[in-house]
Engineer: 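Please see the structure below; I have some questions.
Chain letters run A, B, ... following the sequence lines, proteins first and then strands; every chain starts at 1.
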Protein chains: 2
Amino acid sequence: MDVRRLKYFIVTAEERSISRAAERLHITQPPLTRHIQSLEEELGVLLFTRTSWGVELTQAGTALLKHAHNISAHIELATEQIRRVASGQAGRIDIGVFGSAMLNIIPKLLSAFSATHPDVRIVLHNTPKEKQINALQQGRILGAFDRYLPELPNIATVRVCREPLWVALHCDNPLSRQPRIGIDDLRKEPLIDEQDPSVSIACRELFTHHHFEPVVVQKAADLIAATIMVSGGFGSALLPESILNLRLPNVIYRPLVTDIDCMIDLHFAYRKDEESPLLDELLYCVRNYRHHATESEVANHPGEE
Amino acid sequence: MDVRRLKYFIVTAEERSISRAAERLHITQPPLTRHIQSLEEELGVLLFTRTSWGVELTQAGTALLKHAHNISAHIELATEQIRRVASGQAGRIDIGVFGSAMLNIIPKLLSAFSATHPDVRIVLHNTPKEKQINALQQGRILGAFDRYLPELPNIATVRVCREPLWVALHCDNPLSRQPRIGIDDLRKEPLIDEQDPSVSIACRELFTHHHFEPVVVQKAADLIAATIMVSGGFGSALLPESILNLRLPNVIYRPLVTDIDCMIDLHFAYRKDEESPLLDELLYCVRNYRHHATESEVANHPGEE
DNA sequence: GTTCGCCATACCGATTTCGTATGGGCGAGT
DNA sequence: ACTCGCCCATACGAAATCGGTATGGCGAAC
């Protein structure tokens with residue numbers, strides 16, 4: 001059963017005449033006659049009764065006509081959707097994220113992507129970093145957002161944004177009275193470090209540059225855990241600016257002023273050999289993204305005026 | 001887009017290998033490779049990624065696979081239904097009935113037909129007899145049940161059943177005390193005739209045979225109207241046995257005993273040139289129908305013991 | 001009775017489709 | 001490292017299919 005024959009049949013049924021249908025289909029009458037015949041033969045059913053003025057649908061033909069419209073429409077819909085999937089306008093996209101990346105641009109970036117790609121389903125995989133690299137290399141996810149990533153031969157990265165460091169302070173801490181924190185203010189301050197190297201590597205550089213050893217009182221699993229500890233009064237923490245999106249009781253954020261340029265990066269990682277058009281679409285979206293949001297985040301923070 | 005190609009695609013996707021799929025499809029590998037290629041070309045989309053151990057669906061291929069199953073199933077369902085329609089196992093059947101025929105075997109016959117042909121929709125057209133003959137000749141109905149039909153060149157009839165005559169009496173009529181009525185009991189009896197010739201022709205023969213002119217006090221449109229008049233006390237009426245199915249207050253039915261064989265027939269009429277398989281099915285059902293029901297109807301009639 | 005329109009058939013060239021044979025690429029096993 | 005096996009892709013000839021023109025049969029209309 002060829003769909004072309006089905007369309008020939010539909011036109012013939014509409015015209016109630018093989019000759020006129022052939023005209024509409026831009027072919028001559030004999031081939032169309034044979035198409036109808038072979039369709040009838042294939043189904044083992046008479047579809048038309050031949051009259052002196054043309055043809056007329058039998059009951060079986062009427063039944064076929066109803067289905068033919070549906071089937072034809074169904075196929076066209078399917079081809080349309082497949083083309084959309086192939087061009088990256090529809091489908092499913094699996095993305096890994098880790099901890100604090102969720103506080104950053106992820107929601108904005110992905111909702112921007114969703115707006116231009118409404119038929120793409122985005123599935124986030126919020127798992128530990130090692131698992132994510134595995135998943136990425138095995139193709140279980142298409143890409144991942146992470147702050148720090150080791151160099152890997154088949155993985156490429158693009159920087160999504162850079163953020164300055166802020167200090168999270170408990171409200172009882174006298175430093176929270178200052179509008180901004182200098183690096184020397186932290187010399188005796190009990191600090192909360194995080195296990196993930198994303199921020200701590202940057203901090204370590206900073207401290208060695210200013211020649212002092214920080215007083216680390218806790219180790220947190222990720223940035224969010226670190227902030228919760230600040231809220232509990234265990235100490236202060238150095239965090240990227242996007243932490244302002246996380247509001248916790250008794251926590252006050254203050255910008256960190258440093259001599260050297262000390263910024264925290266967020267990267268998007270993907271396989272170099274991946275050919276999915278969805279990746280192209282997503283990369284295009286990532287590259288064109290500007291991290292405008294920070295200003296409003298700062299403005300909305302109650303501790304800042 | 002050929003459906004055969006769609007099935008080839010489905011098998012290939014299931015086997016994740018063109019070679020194995022070709023084996024399952026009883027063709028060799030190169031044609032199948034080309035089928036996949038031309039399908040991809042037709043859609044303008046890569047459906048499989050070729051690996052060293054076989055092929056793997058792309059996202060577009062996965063999307064097609066979902067639709068392919070539906071489309072294939074849809075087509076098979078359609079062909080199945082079309083074959084059923086063509087063989088008279090499904091479809092629609094338009095039948096004309098007239099007045100009292102509805103009291104007779106119609107419900108039983110048609111429900112018997114429905115039981116063996118559950119997918120045939122039966123549409124009854126309860127219209128005056130002249131309109132029915134028109135509708136029958138113009139093909140708007142497939143057949144008609146009527147008691148009396150004029151001879152027409154292109155119309156064939158089969159007798160569905162024969163019924164004896166009964167007399168409908170008002171309960172106050174002294175004749176209703178008798179278990180049965182003789183023809184001579186009706187000589188002075190006021191009678192209700194019906195306009196439709198179905199019964200009255202038979203009655204007229206009966207009366208001429210017994211040499212008397214009946215006392216006709218009313219003319220009813222059909223048998224049901226005649227019975228209603230009996231119920232109203234306007235007189236008595238001669239009616240076919242199936243009228244026992246119609247229960248009206250104050251009406252008592254008694255069998256009519258005659259010298260000559262006087263039976264009322266019910267016919268099924270159809271076009272001689274009609275080729276619909278549904279007609280064949282219906283005719284088969286009509287011919288095999290035995291009018292067993294009358295005995296139980298008589299037994300259930302309260303006036304009889 | 002003639003003509004006209006329609007469907008069906010016959011036949012022919014172009015295209016497509018299937019088969020066999022073969023080449024290239026990758027992984028496994030020796 | 002090399003061979004072998006397996007897979008997909010391609011080349012090419014035979015068969016089938018599809019589209020065209022020419023023509024015949026049939027019924028309706030004039």
Engineer: Can you check side chain to side chain contact (heavy atoms under 4.5 Å, CB included) on B:I141 and B:I95, steps first, answer last?
Structural biologist: CA-CA 5 Å; B:I141 59 176; B:I95 292 177; over 6 Å; no
Engineer: Using a cut-off of strictly less than 4.0 Å, decide whether A:Y8 has a side-chain nitrogen or oxygen near OP1 or OP2 of D:dG19.
Structural biologist: yes
Engineer: Give the residues of residues 35-42 of chain A touching DNA chain C, defined as any heavy atom closer than 4.0 Å, sorted by residue number.
Structural biologist: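 Here the set is A:Q37.
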Engineer: Which label fits B:F145 and B:F268: parallel for a plane angle under 30°, tilted from 30 to 60°, or perpendicular past 60°?
Structural biologist: tilted
Engineer: Looking at residues at least two apart in the chain, or sitting in another chain, which of them share a side-chain contact (heavy atoms from CB on, under 4.5 Å) with A:V11?
Structural biologist: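 Counting only residues at least two positions away or on another chain, A:V11 forms a side-chain contact (heavy atoms from CB on, under 4.5 Å) with A:E15, A:A21, A:R24, A:L25.
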Engineer: Looking at residues at least two apart in the chain, or sitting in another chain, which of them share a side-chain hydrogen bond (donor to acceptor under 3.5 Å, both in side chains) with B:R92?
Structural biologist: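 Counting only residues at least two positions away or on another chain, B:R92 forms a side-chain hydrogen bond (donor to acceptor under 3.5 Å, both in side chains) with B:D94.
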Engineer: Supply the atom-to-atom distance A:I201 CD1 to A:R147 CZ, rounded to the nearest 0.5 angstrom.
Structural biologist: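 Here the interatomic distance stands at 13.0 Å.
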Engineer: One thing to verify: whether A:E40 and A:R50 come together as a salt bridge, which I'm taking to mean a side-chain N less than 4.0 angstrom from a carboxylate O.
Structural biologist: yes
Engineer: Could you go step by step and tell me if A:R4 and A:K7 meet the side chain to side chain contact (heavy atoms under 4.5 Å, CB included) rule?
Structural biologist: CA-CA 5 Å; A:R4 186 167 42 108; A:K7 290 186 179 167; 5.8 Å; no
Engineer: Which label fits B:H74 and A:H67: parallel for a plane angle under 30°, tilted from 30 to 60°, or perpendicular past 60°?
Structural biologist: perpendicular
Engineer: Nearest 0.5 angstrom please: B:S87 OG to B:E281 CD, how far?
Structural biologist: 7.0 Å
Engineer: How does protein contact run along nucleotides 25-30 of chain D, one letter per nucleotide 5' to 3', with B for base contact, S for sugar-phosphate only, - for none, heavy atoms under 4.0 Å?
Structural biologist: --SS--
Engineer: B:R50 has an atom CZ; how far is it from atom C1' of D:dT10, in whole Å?
Structural biologist: 13 Å
Engineer: For DNA chain C, determine which residues of residues 9-28 of chain B have any heavy atom closer than 4.0 angstrom to one of its atoms, and list them numerically.
Structural biologist: B:I27, B:T28
Engineer: Report the distance from atom CG of A:L142 to atom CG of A:L282, rounding to the nearest 0.5 Å.
Structural biologist: 7.0 Å
Engineer: Could you measure the distance from the CD1 atom of A:I106 to the CD1 atom of A:I122? Nearest 0.5 Å is fine.
Structural biologist: 10.0 Å
Engineer: Tell me, please, which residues at least two apart from A:Q137 pass side-chain hydrogen bond (donor to acceptor under 3.5 Å, both in side chains).
Structural biologist: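 Per chain and number, A:Q137 pairs via side-chain hydrogen bond (donor to acceptor under 3.5 Å, both in side chains) with A:N154.
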Engineer: Applying ring pair (Phe, Tyr, Trp, His ring centres under 6.0 Å), can you list everything that pairs with A:H117, at least two apart in sequence or on another chain?
Structural biologist: A:F113
Engineer: Parallel, tilted or perpendicular: which describes the rings of A:H35 and A:Y8, with under 30° parallel and over 60° perpendicular?
Structural biologist: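 Ring orientation, 0 to 90° scale: perpendicular.
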Engineer: Does anything in residues 54-61 of chain A reach DNA chain D, meaning a heavy atom under 4.0 Å, and if so which residues?
Structural biologist: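 Heavy-atom contacts with DNA chain D come from no residue of residues 54-61 of chain A; none.
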Engineer: Can you name the side-chain hydrogen bond (donor to acceptor under 3.5 Å, both in side chains) partners of B:D119, sequence neighbours left out?
Structural biologist: B:R84
Engineer: Walking along DNA chain C from 5' to 3', note the first and the last nucleotide with an atom under 4.0 Å from a heavy atom of chain B, and give both.
Structural biologist: C:dT17 to C:dG27
Engineer: Starting from the 5' end of DNA chain D, give me the residue, A:R4 or B:T51, whose nearest nucleotide shows up first.
Structural biologist: B:T51
Engineer: Could you walk me through whether B:Q81 and A:L64 pass the side chain to side chain contact (heavy atoms under 4.5 Å, CB included) test, one step at a time?
Structural biologist: CA-CA 8 Å; B:Q81 202 210 318; A:L64 176 58; over 6 Å; no
Engineer: Between A:R271 and A:I155, is the side chain to side chain contact (heavy atoms under 4.5 Å, CB included) condition met? List the steps.
Structural biologist: CA-CA 5 Å; A:R271 282 187 305 283; A:I155 302 291; 4.1 Å; yes
Engineer: Among residues at least two apart in sequence or on other chains, which ones pass salt bridge (charged side-chain N to carboxylate O under 4.0 Å, His left out) with B:E23?
Structural biologist: none
Engineer: Just the table, please: protein N/O against nucleotides 11-16 of chain D N/O, every pair under 3.5 Å.
Structural biologist:
none

